[in-house]
Each structure stands twice: as structure tokens, then as C-alpha cells.
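Just below is one structure, and these are the notes that go with it.
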Amino acid sequence: MIIQTGMRTDIPAFYSEWFCNRLREGMVCVRNPYDLRSVSRYRLSPDVVDLIGFCTKNPGPMLEHMDLLAPYGMYWFVTITPYGKDIEPGVPPKEQVIEDFRRLSELVGVDAVAWRYDPIFMNEVYTAERHLREFEALVKALAGYTKVCVISFIDLYEKVKRNFPEARRVTREQRLFLGKRMTEIAGNYGMMIRPCGEGDELAAYGADCSGCMTEAVYEKALHARLQLPKKKGARSECACFLSGDIGQYDTCGHLCRYCYANTSAENVRRNRKLHNPRSPLLVGELRPEDIVHDAEQKSWIDRQMSLSDYCEFFS
């Protein structure tokens with residue numbers, strides 16, 4: 001199966017000690033955000049976990065613990081944007097994240113790491129011209145360390161509207177202009193643009209609109225065929241395969257103003273105070289009234305991979 005760590009928070013950035021403890025113990029628990037008494041318990045073992053997916057703005061804290069991850073397949077999304085502390089107050093300096101991205105790529109391989117430039121929003125400071133200028137500088141810095149850049153335009157969820165009220169939806173004309181130019185720029189450096197949840201409107205310009213966390217993406221990272229169960233993406237326009245996420249909402253200390261996973265900075269501060277690196281849960285402890293059930297887990301790797309399949313993955 002596939003374990004996700006980053007759809008609700010940034011575990012490498014803020015909870016690497018906890019995650020390492022979970023890997024050593026071989027077990028992690030996650031509370032259902034919609035039924036707080038219901039807790040899923042996952043085994044963390046390469047026998048049943050084929051790949052661990054990461055979404056982070058700061059992979060640095062995990063880099064010294066990669067030996068614990070070595071038995072697992074991995075796929076890393078690292079977000080690097082042009083925004084400053086006014087938008088991303090808790091994100092480390094871009095130069096540091098770029099250096100850590102390069103080191104990560106050297107450790108896990110170019111097929112197992114992707115760069116995310118998202119969400120894209122525009123205002124009088126972050127204009128189209130600035131986006132294109134900053135984007136090309138980042139492409140140059142990351143060229144050769146990834147083959148993929150995932151982009152998306154800001155979605156105005158209720159949490160986003162509350163925490164970032166001046167944010168405005170990017171128009172179709174703006175999306176097409178930026179998407180076309182970004183695809184051209186990335187292509188000049190051997191990088192493919194993959195829009196996230198944006199439909200296929202950029203396909204005409206050469207973007208890969210098949211999705212950013214798909215079966216094919218995972219297979220490329222693993223160099224193996226998978227037999228995945230049928231699952232839907234998070235949204236109707238999402239083609240990605242999403243499975244068990246071990247994070248928790250309202251725990252990410254980056255406090256990005258566009259974040260959909262944090263309700264408020266106050267909630268984040270409260271939850272981080274309740275974090276115990278030795279607990280099986282990211283926040284708090286198991287309670288007597290909790291209903292804990294073992295998640296159904298099995299390997300999805302197709303062990304009958306042919307020689308032609310093997311050659312295809314390594315070509």
C-alpha cells in the first residue's frame with residue numbers, strides 16, 4: 001500500500017522525530033478528522049508499505065534519517081515558491097530548501113522527487129512578470145535534480161478566504177498565459193509541467209495533465225508495476241491516487257496564508273503543544289473511549305514484472 005504524510009501537514013519539517021520513532025516502532029495511529037473516536041492503526045513495514053509519499057516545504061530535518069526510509073519506496077513533493085515571509089512566514093530561506101532539494105534528489109533518485117510551484121496567485125506584488133522571472137530562476141537551480149514541476153492556481157476554500165481575504169481567483173486568461181510560458185520555460189531545461197487539479201486546459205501547450213500522484217508516477221519512482229485498488233481523487237477534477245494519510249489538520253507550523261489544512265494559527269499552536277514525539281498519534285494520546293482498528297494493508301507491487309517492464313522503467 002501507499003502511506004501519505006503530507007496532505008494535512010508537513011511531517012518532515014515539524015515532526016521528523018515523531019515520524020522516525022514511528023518507523024522504528026513499526027506502527028502509527030491516525031485519528032479520523034470527522035469521527036474523533038475512530039482511530040486507524042497502520043503497520044509501518046516494507047512488507048505491506050510499498051511507498052511513502054511526502055509533501056513538504058522543508059525536507060531538511062529528514063535528510064539525516066534517510067537510513068530509516070531506505071527499505072521503503074518514496075516519492076517526494078517539495079514546494080518552492082517565490083513568496084516571502086508575508087505569505088509563508090514559517091518557511092525556511094529558499095536557498096536552503098533548494099540545497100536540500102538537490103541533496104534529497106541525489107539520495108532518492110531523480111524519478112522519486114518533484115518540485116511544486118503552487119499555489120499560484122497574483123496581486124500587485126506577485127505579478128505575472130514576477131512569477132515568470134522567479135519561476136525561471138528556480139527552474140535553472142533545480143534543473144537536473146527533477147524531471148517534473150507541478151503547478152496549480154489558488155483555490156479559494158473557506159479556510160483560505162478567512163485567512164487570506166485579499167486573495168483573488170486567477171482568471172482563465174491568466175492561467176493560460178502563465179501555464180503556456182511556464183511549460184515552455186520548463187521544457188527548455190528538460191522539465192515537464194504537470195498541472196494539479198486544473199483539468200486539461202494546458203495540454204495544448206505540452207503540459208502533462210494526467211495528474212501528479214498517479215499510478216504511473218508511483219511506478220516510475222518504484223521501478224515496479226503496481227496493482228492499485230480503485231480509488232477516487234480528492235476532487236472531481238483530480239486524477240491522483242490517494243490513500244492513507246497519517247497527518248492531522250491544524251498542525252503545520254509554516255502558517256502559509258493560502259493553506260487549506262489550517263483553520264487558524266491559534267489552533268496550530270494549541271495542537272503543537274499537545275504533540276508528543278513518543279505518542280503513536282501525531283497530536284495527543286490514545287484515550288480509553290477511542291475505537292482503534294487495524295487498517296487493511298497489503299503490498300500492491302506486481303511481483304510478475306517482465307524483463308521488458310524492467311527495461312522500460314530503467315530506460
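Bear in mind that the values here come from a model prediction, so they are computed numbers and not experimental data. All residue numbers in this chain count up from 1 along the given sequence.
- By the 4.5 Å heavy-atom criterion applied to side chains, His131 and Met122 are counted as neighbours.
- Expressed to the nearest 0.5 Å, how far CE of Met191 lies from OG1 of Thr183 amounts to 12.5 Å.
- Among residue pairs with one or both ends in residues 72-81, those qualifying as side chain to side chain donor-acceptor pair (under 3.5 Å) are Thr81-Glu88; sequence neighbours excluded.
- Not less than 6.0 angstrom separates the ring centroid of Tyr145 from the ring centroid of Phe101.
- One finds a salt bridge joining Lys180 and Glu184 here, because a Lys/Arg side-chain nitrogen approaches an Asp/Glu carboxylate oxygen to under 4.0 Å.
- Judged purely by atom type and a 3.5 angstrom limit, Glu219 uses its side chain to pair as donor or acceptor with the backbone of Leu226.
- With sequence neighbours excluded, the residues satisfying ring-ring contact (aromatic ring centres under 6.0 Å, His included) with Tyr15 are His275.
- A donor-acceptor contact shorter than 3.5 Å links the side chain of Thr146 to the backbone of Val113.
- Phe164 is linked by a ring-ring contact (aromatic ring centres under 6.0 Å, His included) to Phe121, counting only residues two or more places apart in sequence or in another chain.
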Identify each donor-acceptor pair in which a side-chain atom of residues 58-70 lies under 3.5 Å from a protein atom, sequence neighbours left out, and give them as a table.
unit_1: Asn58; atom_1: OD1; unit_2: Gly60; atom_2: N; d: 3.2

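- Looking at Glu266 and Arg269, no side-chain N of the basic residue comes within less than 4.0 Å of a carboxylate O on the acidic one, giving no salt bridge.
- Under the 4.0 Å criterion applied to side-chain N and carboxylate O atoms, Glu166 and Arg257 are assigned as salt-bridge partners.
- No continuous path of hydrophobic side-chain contacts links Tyr249 to Phe54 [ILVMFWY only; heavy atoms under 4.5 Å].
- Contacts classified as side chain to side chain donor-acceptor pair (under 3.5 Å) and involving residues 27-37 (residues at least two apart or in different chains) are given here: Arg31-Asp290.
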Derivation and outcome, side-chain hydrogen bond (donor to acceptor under 3.5 Å, both in side chains), residues Glu285 and Asn276: CA-CA 8 Å; Glu285 309 288 344; Asn276 175 3; 2.9 Å; yes

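- Put simply, the side chain of Met192 does not reach to within 4.5 Å of the side chain of Lys147, judged on heavy atoms.
- In this structure, Glu99 pairs ionically with Arg102, as a charged nitrogen and a carboxylate oxygen lie closer than 4.0 Å.
- Partners of Phe14 according to the ring-ring contact (aromatic ring centres under 6.0 Å, His included) rule, which considers only residues two or more places apart in sequence or in another chain, are His254.
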Kindly determine whether Arg103 and Glu106 satisfy salt bridge (charged side-chain N to carboxylate O under 4.0 Å, His left out), including the steps that lead there. CA-CA 5 Å; Arg103 185 178 164 202; Glu106 290 169 349; over 6 Å; no

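- When all heavy atoms of Tyr218 and Gln4 are compared, the pair lying nearest together is OH-NE2, 2.8 Å.
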